[in-house]
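Remember, it's 1-based here, ligands and their atoms both numbered in the order they're listed.
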Amino acid sequence: MKIFVDSANLGEIEEALQRGFPAGITTNPSILSKEEKGDFREHIKKIIGLIEKYGYDIPLSVEVFSTKPEEMVAQAEDFVRHFGAYRNLNVKVPIGWDELAVIRALRRRSVKVNCTCCMSYNQAIMAARAGANYVSLFYGRIRDTGYDAASIVRQVRATLREWSHPSEIIVGSIRHIMDINEALQAGADIVTVPPKFFRQMTQHPKTDEAVQQFVTDFQKWLS
Ligand code: E4P
């Protein structure tokens with residue numbers, strides 16, 4: 001079970017890296033578009049700089065931003081040229097018929113691929129079979145369509161296990177803390193979480209109550 005940081009914000013990423021738990025970072029074009037306008041390659045290099053500064057060697061996903069397969073391959077090559085020195089770079093490619101050929105082309109060049117935007121069992125299985133290192137299932141967006149996202153994660157997990165298939169399941173599109181719990185219990189290898197949830201994941205009113213009681217009792221005894 002691993003937790004990734006679903007953000008391109010340098011402050012959020014740094015806060016998480018300082019706390020030891022991140023096992024990876026995922027970005028997408030929408031997430032990047034929330035940052036200050038500028039050269040996106042320089043921004044990705046800054047993320048890599050932070051990962052290295054804090055002594056991690058964790059996967060970083062950067063997504064292609066075209067719908068044309070040949071442009072996707074060219075963009076992936078551009079990513080490798082600019083960020084390839086970071087050996088844990090993953091190129092995110094959306095699932096689709098033509099996109100499977102992109103995944104294969106990249107895998108044959110030993111580029112690690114995170115196949116993203118999977119909303120169904122079939123899509124995830126096809127992505128894995130095409131050679132994607134990671135298949136990303138979009139929990140919140142699946143539920144938006146009225147389907148049971150946990151059961152899709154469970155089914156993909158069961159099939160990959162049956163095949164002893166090495167692709168790892170990332171669950172993204174997290175909307176509530178409960179999504180994280182459910183996705184992990186359903187068999188996700190990884191949940192990629194928006195940083196706004198991290199602080200809340202460490203907190204509980206009964207914890208505050210207990211800590212306050214311990215400090216107060218001991219202060220009384222000391223005085
Ligand atoms: C992660 O890899 C995905 O890009 C991300 O979690 C999508 O989340 P959204 O459905 O909130 O856009």
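Legend: ring pair (Phe, Tyr, Trp, His ring centres under 6.0 Å) pairs involving residues 196-223, not counting sequence neighbours, sorted by first then second residue: F21-F198, F218-W221.
Below 4.0 Å from some heavy atom of G172 lie the following atoms of ligand 1, by number and element: 6 (O). Ligand-side atoms of ligand 1 in range of K92: 1 (C), 2 (O), 3 (C), 4 (O), range being under 4.0 angstrom from any heavy atom. The N28 neighbourhood of ligand 1 comprises atoms 3 (C), 4 (O), 5 (C), 7 (C), with distances under 4.0 Å to a heavy atom of that residue. Residue F138 approaches ligand 1 through these ligand atoms, each under 4.0 Å from one of its heavy atoms: 3 (C), 4 (O), 7 (C). Atoms of ligand 1 lying under 4.0 Å from at least one heavy atom of R141, given by number and element, are 9 (P), 10 (O), 12 (O).
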**Study point:** Check against side-chain hydrogen bond (donor to acceptor under 3.5 Å, both in side chains), N133 and E168
**Key:** CA-CA 6 Å; N133 306 75; E168 289 189 84; over 6 Å; no
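The residues D39 and K45 are annotated as not salt-bridged, no charged nitrogen and carboxylate oxygen being separated by less than 4.0 angstrom.
Polar contact with ligand 1: absent for T27 (N/O pair, distance under 3.5 Å). When only interatomic distances are considered, the shortest N/O to N/O separation between S136 and ligand 1 does not fall below 3.5 Å. An N or O contact shorter than 3.5 Å is missing between T192 and ligand 1 by distance.
Interatomic distance, OH of Y139 versus CD1 of I180, reported as 11.0 Å (0.5 Å rounding).
Looking from atom 5 (C) of ligand 1 to the surrounding protein, the closest heavy atom is D6 OD2, 3.3 Å. Looking only at heavy atoms of the protein, atom 8 (O) of ligand 1 is closest to S173 CA, 3.4 Å.
The closest approach between a heavy atom of E63 and any atom of ligand 1 is not below 4.0 Å.
The two residues N90 and P59 have their closest heavy-atom pair at OD1-CB, 3.5 Å.
In terms of the side-chain contact (heavy atoms from CB on, under 4.5 Å) criterion, residue partners of Q185 (sequence neighbours excluded) are, by chain and number, N181.
Inspection of the E52 and Y86 side chains reveals no N or O donor paired with an N or O acceptor under 3.5 Å. In the model, Y121 has a side-chain atom that pairs as donor or acceptor with a side-chain atom of T159 under 3.5 Å.
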